[in-house]
Amino acid sequence: MSPQRVRIIEGGKLIIPASMRRELGIATGDTVLVDVADGELRIRSLSKAIAHAQAILRRHVPEGVSLADELIADRRREAERE
């Protein structure tokens with residue numbers, strides 16, 4: 001998608017064009033993540049941010065390993081010791 005010029009209105013509000021909201025999969029009332037990286041404002045949908053975090057984590061966890069299953073097993077072992 002090509003850059004679009006938008007204006008900051010009173011209160012520092014930024015109106016994201018409808019075509020960009022559709023592309024990001026965000027709607028009125030949704031929560032988004034906003035940060036500044038390399039001097040640029042970045043806006044990401046919460047689902048995209050979660051998917052990105054999961055992809056980073058997946059690089060460090062061997063295929064077929066479930067961290068949730070490992071956590072549950074650890075908690076059960078701890079409960080048995082108590």
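Here OG1 of T28 is found 6.0 Å from CZ of R21. Values are rounded to the nearest 0.5 Å. Within the model, atoms CG of D35 and CG of L41 stand 8.0 Å from one another, a figure rounded to the nearest 0.5 Å. With rounding to the nearest 0.5 angstrom, the CD atom of E80 is 10.5 Å from the CD atom of E82. Rounding to the nearest 0.5 Å places CG of L33 at 5.5 Å from CZ of R44. Interatomic distance, OG of S45 versus NE2 of H52, reported as 12.0 Å (0.5 Å rounding). Between atom CD1 of residue I43 and atom CD1 of residue I16 there is a gap of 4.0 Å, rounded to the nearest 0.5 Å.
In I56, the CD1 atom is crowded: over 12 heavy atoms of neighbouring residues, nucleotides or ligands sit closer than 6.0 Å. For CD of Q4, the number of neighbouring non-hydrogen atoms (other residues, nucleotides, ligands) closer than 6.0 Å is greater than 12.
Summarising the hydrophobic clusters (Ile, Leu, Val, Met, Phe, Trp, Tyr; side-chain heavy atoms under 4.5 Å, direct or chained), the residues clustered with L67 are L57, V61, V65.
The side-chain heavy atoms of I26 and M20, taken from C-beta on, include no pair separated by under 4.5 Å.
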Output, in order, the C-alpha distance, side-chain angles, deciding distance and verdict of side chain to side chain contact (heavy atoms under 4.5 Å, CB included) for D30 and L46.
CA-CA 8 Å; D30 285 354; L46 196 53; over 6 Å; no
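In terms of the side chain to side chain contact (heavy atoms under 4.5 Å, CB included) criterion, residue partners of A73 (sequence neighbours excluded) are, by chain and number, R77.
By the criterion of side-chain heavy atoms lying less than 4.5 angstrom apart, applied directly or through intervening Ile, Leu, Val, Met, Phe, Trp or Tyr residues, M1 is grouped together with V6 in one hydrophobic cluster.
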